[in-house]
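Here the structure comes first, spelled out in structure tokens, and everything after it is commentary.
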Amino acid sequence: MSNLIDTRTPLETTHLPAQFVGREAEQDALNDAFSVEDESCLPNFHVYGPRGTGKTHLLQRFLTTFPPTFTTCYISGIHQDTQYKALERLYQLLTGTKLGTGHHIADIQRKVEEQVTLPTVIVVDEVDFLLLDDGDDLLYFLTRLENTAVITVSANQPTIKDEMDDRTYSSFQPQHLTLNRYTPNAARQILADRARKALQPESLQRDALTYITTTTQNISIGLTWLREAVETAEEQINTELVQEVEVAAYHKYVRMLLNRFTTHHRRLYNTIARLEQERDAPLTTGTVYREYSGRCESAGVAPLSERRISDFLTHLELLDLIEASYHYGGPMGKTREIQLVDWNSHGSEETE
DNA sequence: CGTCCACCGGAAAATAGGGAGG
DNA sequence: CCTCCCTATTTTCCGGTGGACG
């Protein structure tokens, strides 16, 4: 640990600074939409923005702006990836008591409905992971509650209409809010702001920070990178050092994302990363699975089935860790062509 | 025109566990 | 404790896809 640090907290991804730089317009949009006199017709929202654009931050902050005459709930589709888990968590947030597994969905829905007495705002973050399962039923239930606003959040779907049943969407009818990727300049301001609060003065060179934010505008990656640099630095953080820790920093970011999943997810990701280094030929699902399977064997672990791994690949795709182009037949058969996301060219090239 | 590639992805079943009521 | 219902996680099964190539 170096002596550059005053306090580490502002560099943590989960830290909510006193001021929220760069998303004033979006905050205003939410505030305006929710400043209605009639609390029984709160608006629904779907918020879209790539990873590291401040969605979670924006909404967690937004939830704190409500007076005690409101109930606010935050759930994440990564941890609550089924209707049951989401409802159980909701009940726990509302009452403070855990239900455990084994109950009927309908019972929990009724219990939750009974608890929703105040006007309520529910944020469903990472909604894509819920929609892979029975998230549609959950959203149908939530959007039909009285006095309740539902805000879905996605890093993958600009609009959510195609992902849900017609009946769910017609009951949801969200307004849309999009968070565009930060410009390198905006990203630099945000990171500089955090660094100023966390570090000794003059310990971070301007060029070093610029290098980070021209490489990635994902604030989450940027903060991880900065932390990595701080931990490695002897006296000062310069561009050379930042470049040195570039790969390690991204690995930490990946590990942070995948910590919320299983060891098989992590093994799968590592398998793909290794295969991509070793081979030139495009990777398809079968190749990846066979290699993953072999790695399990040599680690003395039973490999999961190909069907299951197919789902896990979709998870990695939703996390923006891999890219897959789908072949639904043709000379290659029905398969996916898989590659790692080229994270350090985000922003420099933008394909339309 | 038929066949083949190779696995997508829906559906059902297997397995392991919990809660409530008799 | 038994039964019957539930959930969670995973496996098994398999119809279907569309361009190339004979």
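All chains are named by letter (A, B, ...) in the order of the sequence lines, taking the proteins before the strands, and each is independently numbered beginning at 1.
- Partners of A:His79 by ring-ring contact (aromatic ring centres under 6.0 Å, His included), not counting sequence neighbours: none found.
- Side-chain polar atoms of A:Tyr211 and A:Glu246 form a donor-acceptor pair below 3.5 angstrom.
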Could you tabulate the donor-acceptor pairs under 3.5 Å formed by side-chain atoms of residues 118-127 of chain A, not counting sequence neighbours?
residue: A:Thr120; atom: OG1; partner: A:Leu118; partner atom: O; Å: 2.9
residue: A:Asp125; atom: OD2; partner: A:Thr56; partner atom: OG1; Å: 2.7
residue: A:Asp125; atom: OD2; partner: A:Tyr74; partner atom: OH; Å: 2.5
residue: A:Glu126; atom: OE1; partner: A:Arg51; partner atom: NH2; Å: 3.0
residue: A:Glu126; atom: OE2; partner: A:Arg51; partner atom: NH1; Å: 3.0

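- A sub-4.0 Å separation between OP1 or OP2 of C:dT10 and a side-chain N or O of A:Arg308 is present.
- In the helix from B:dC1-C:dG22 to B:dG22-C:dC1, the end axes, each obtained as the rotation axis mapping the C1' atoms of four pairs onto the next four within a five-pair block, lie 30° apart to the nearest 10 degrees.
- Residue A:Tyr48 shares its hydrophobic cluster (ILVMFWY side chains chained together at separations under 4.5 Å) with no other residue.
- One can place CG of A:Asp134 at 15 Å from C1' of B:dA11, the figure rounded to the nearest angstrom.
- Sorted by first and then second residue, the side-chain hydrogen bond (donor to acceptor under 3.5 Å, both in side chains) pairs with a member in residues 299-310 of chain A read A:Arg307-A:Asp311, A:Ser310-A:Arg336; sequence neighbours excluded.
- If you check the side chains of A:Thr215 and A:Asn344, you find no donor sitting under 3.5 Å from an acceptor.
- Summarising the geometry, the separation between CG on A:Leu304 and C1' on C:dA8 is reported as 14 Å, rounded to the nearest angstrom.
- With 3.5 Å as the limit, one finds a donor-acceptor pair spanning the side chains of A:Arg188 and A:Asn185.
- Residues passing the ring-ring contact (aromatic ring centres under 6.0 Å, His included) test with A:Tyr250 are A:Tyr253, A:Trp343, sequence neighbours excluded.
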Can you check nucleotides 2-8 of chain B for protein contacts, nitrogen or oxygen pairs under 3.5 Å, and list what you find?
residue: B:dC5; atom: O2; partner: A:Gly330; partner atom: O; Å: 3.1
residue: B:dA6; atom: O4'; partner: A:Met332; partner atom: O; Å: 3.4
residue: B:dA6; atom: N3; partner: A:Lys334; partner atom: N; Å: 2.6
residue: B:dC7; atom: OP1; partner: A:Gly286; partner atom: N; Å: 2.8
residue: B:dC7; atom: O5'; partner: A:Gly286; partner atom: N; Å: 3.4
residue: B:dC7; atom: O4'; partner: A:Lys334; partner atom: O; Å: 2.3
residue: B:dC8; atom: OP1; partner: A:Thr285; partner atom: OG1; Å: 2.3
residue: B:dC8; atom: OP2; partner: A:Ser310; partner atom: OG; Å: 3.2
residue: B:dC8; atom: O2; partner: A:Lys334; partner atom: NZ; Å: 3.0

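- Using a 4.0 Å cutoff on non-hydrogen atoms, no part of residues 80-96 of chain A comes near DNA chain B.
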Give the table of side-chain donor-acceptor pairs shorter than 3.5 Å for residues 282-293 of chain A, with sequence neighbours excluded, one pair per line with atom names and distance.
residue: A:Thr284; atom: OG1; partner: A:Thr287; partner atom: OG1; Å: 3.1
residue: A:Tyr289; atom: OH; partner: A:Leu304; partner atom: O; Å: 2.6
residue: A:Tyr292; atom: OH; partner: A:His264; partner atom: ND1; Å: 2.7
residue: A:Tyr292; atom: OH; partner: A:Leu304; partner atom: N; Å: 3.0

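- Residues A:Arg23 and A:Tyr182 have side chains that bring a donor and an acceptor to within less than 3.5 angstrom of each other.
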For residues 138-151 of chain A, dump all side-chain donor-acceptor pairs below 3.5 Å to protein atoms at least two apart in sequence or in another chain.
residue: A:Thr143; atom: OG1; partner: A:Leu139; partner atom: O; Å: 2.8
residue: A:Thr143; atom: OG1; partner: A:Tyr140; partner atom: O; Å: 3.1
residue: A:Thr143; atom: OG1; partner: A:Ser171; partner atom: OG; Å: 2.6
residue: A:Thr148; atom: OG1; partner: A:Glu146; partner atom: O; Å: 2.8

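- For the pair A:Leu132 CG and C:dA8 P, the interatomic distance rounds to 15 Å; values are reported in whole Å.
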Are there any protein N/O atoms within less than 3.5 Å of an N/O atom in nucleotides 13-22 of chain B, and if so, which ones and at what distance?
residue: B:dG18; atom: N2; partner: A:Gly102; partner atom: O; Å: 3.4

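- Here A:Gln83 pairs with A:Gln109 under the side-chain hydrogen bond (donor to acceptor under 3.5 Å, both in side chains) rule; sequence neighbours left out.
- Side-chain atoms of A:Asp207 and A:Thr239 include no donor-acceptor pair closer than 3.5 Å.
- Rounded to an integer number of Å, the gap from A:Asp311 CG to C:dT12 C1' is 14 Å.
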